[in-house]
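All heavy atoms count here, side chains included; hydrogens, waters and symmetry mates do not. Please read all numbers here as calculations on a predicted model, not as lab measurements.
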Amino acid sequence: MASELLVVGLGNPGTDYAGTRHNVGADVVVLLAARHGGKLRPMKKERALADEVTIGGTRVALAFPTTFMNDSGFAVAALLRRHDIDDPARLVVVHDELDLPQATVRVKAGGGLAGHNGLRSIVDHVKTNDFLRVRIGIGKPPGGKEQGADHVLRRPPKTVKQELAIAIEEAADAVELIVAEGVDRAMNRYNTPAPTV
């Protein structure tokens, strides 16, 4: 049975990068696999850890590229070929974003790259930026964007880690909502500010 959607969580492979801000996208895919009885396994040709699960009756491929972040597009292009997906609306990329406040979750269809090298690599390889994104805010570093690499690759302190853990759960919920009810419903749910009391 062919997968109807490919969900890719971005990050860097290996224990050195586990638990860093840059790996929150990968953490979402790991969580989705656990929720739906999947187990991410190495796929040598696609250079990814991947599995297929069923979410609400829909077959979904989950993947975490084992390339480094800057080469994510190699894996994504190969995964799209494997699953015979040519519609960018059937690709969901989950990633960290410096431009969003810490632990904020937003859903987007298409758009720019916001300086994200993983997204840039994907666009370079799949030749479109019209895919769906679930974005997890990691906030700007105190020293400004020049400190960005240290910020994204360093493990956050405990309080921040707890906030990001909640955001990872929310981002997984957002992916499930995209699968169940479509991207417009997910954007309405996650992009609308909560009413003030």
Side-chain angles (χ1 to χ4, degrees), residues 3-12 20-32 35 48 55-56 58 60-65 67 69-73 75-77 79-80 83 85-141 145 148 151-152 163-195:
S3 287
E4 295 178 49
L5 212 66
L6 169 62
V7 179
V8 177
L10 300 187
N12 285 308
T20 62
R21 291 176 176 89
H22 222 19
N23 273 42
V24 291
D27 293 339
V28 170
V29 162
V30 170
L31 175 59
L32 285 166
R35 282 186 183 180
I55 300 176
T58 300
V60 177
L62 302 173
F64 163 34
T67 61
M69 178 71 82
N70 294 1
D71 289 327
S72 299
V76 173
L79 287 158
L80 289 169
H83 295 287
I85 293 174
D86 55 13
D87 178 359
R90 292 170 59 198
L91 169 63
V92 181
V93 178
V94 189
H95 63 90
D96 61 300
E97 187 153 324
L98 285 164
D99 288 339
L100 285 177
Q102 187 170 278
T104 302
V105 174
R106 294 288 182 266
V107 177
K108 188 176 184 182
L113 304 177
H116 197 290
N117 289 332
L119 293 178
R120 180 174 289 108
S121 176
I122 292 169
V123 170
D124 286 347
H125 284 84
V126 306
K127 308 304 180 192
T128 181
N129 61 359
D130 290 339
F131 49 87
L132 311 183
R133 300 109 186 266
V134 175
R135 305 146 64 212
I136 302 172
I138 58 169
K140 289 188 172 76
K145 276 201 171 177
H151 181 66
V152 299
E163 289 179 14
L164 289 175
I166 294 167
I168 288 164
E169 294 271 359
E170 284 188 14
D173 296 344
V175 171
E176 291 171 344
L177 187 56
I178 291 169
V179 173
E181 300 185 39
V183 69
D184 289 341
R185 184 65 184 269
M187 286 193 291
N188 187 53
R189 163 71 179 81
Y190 288 93
N191 300 356
T192 306

Taking only distance into account, with no hydrogens and no angle test, what donor-acceptor pairs under 3.5 Å do side-chain atoms of residues 118-125 form with protein atoms, sequence neighbours excluded?
from: Arg120; atom 1: NH1; to: Asn117; atom 2: OD1; distance (Å): 2.7
from: Ser121; atom 1: OG; to: Asn70; atom 2: O; distance (Å): 3.3
from: Ser121; atom 1: OG; to: Ser72; atom 2: N; distance (Å): 3.4
from: Ser121; atom 1: OG; to: Gly73; atom 2: N; distance (Å): 2.8
from: His125; atom 1: ND1; to: Ser121; atom 2: O; distance (Å): 2.9

Pairs of donor and acceptor atoms involving the side chains of residues 102-115, under 3.5 Å and at least two apart or interchain, shall be tabulated with distances.
from: Gln102; atom 1: NE2; to: Glu163; atom 2: OE1; distance (Å): 2.8
from: Thr104; atom 1: OG1; to: Pro101; atom 2: O; distance (Å): 2.9
from: Arg106; atom 1: NH1; to: Tyr190; atom 2: O; distance (Å): 2.9

Can Val134 and Val28 be said to form a side chain to side chain contact (heavy atoms under 4.5 Å, CB included), step by step? CA-CA 10 Å; Val134 175; Val28 170; over 6 Å; no

Report the C-alpha distance between Glu4 and Val60 in whole Å, list the side-chain angles of each, state the deciding distance to 0.1 Å, and finish with yes or no for side chain to side chain contact (heavy atoms under 4.5 Å, CB included). CA-CA 6 Å; Glu4 295 178 49; Val60 177; over 6 Å; no

Is there a side chain to side chain contact (heavy atoms under 4.5 Å, CB included) between Arg35 and Asp173 once you walk through the steps? CA-CA 10 Å; Arg35 282 186 183 180; Asp173 296 344; 2.9 Å; yes

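Atom CG of residue Leu6 and atom CG of residue Leu79 lie 5.5 Å apart, to the nearest 0.5 angstrom. Within the model, atoms CG of Leu80 and CZ of Phe131 stand 10.0 Å from one another, a figure rounded to the nearest 0.5 Å. Once rounded to the nearest 0.5 Å, the distance linking CG of Leu91 with CG of Asp86 reads 12.0 Å. Interatomic distance, CG of Leu132 versus CG of Leu5, reported as 7.0 Å (0.5 Å rounding). The structure places CG of Leu31 at 5.0 Å from CD of Glu169, a figure rounded to the nearest 0.5 Å. Here the CD1 atom belonging to Ile168 is positioned 6.0 Å from the CG atom belonging to Leu164, to the nearest 0.5 angstrom.
For the pair Ile136 and Ala171, the tightest heavy-atom approach, listed with the atom from each and the gap, is CD1-CB, 3.7 Å. Shortest non-hydrogen contact noted between Arg90 and Ser3 is NH2-O, 3.1 Å. Met69 and Leu10 make their closest contact through SD-CB, 3.7 Å (heavy atoms, listed as atom of the first residue, atom of the second, distance).
The shortest distance between side-chain heavy atoms of Asn23 and Asn12 falls below 4.5 Å. Counting only heavy atoms from C-beta outward, the side chains of Arg21 and Asp96 never approach each other to under 4.5 Å. Val126 has its side chain out of reach of Pro88: every pair of non-hydrogen atoms, C-beta onward, lies at least 4.5 Å apart.
Between His116 and His95, the two ring planes are perpendicular [angle over 60°; tilted spans 30° to 60°].
Partners of Glu170 according to the salt bridge (charged side-chain N to carboxylate O under 4.0 Å, His left out) rule, which considers only residues two or more places apart in sequence or in another chain, do not exist here.
Not one N or O on the side chain of Arg133 forms a donor-acceptor pair closer than 3.5 Å with the backbone of Val93.
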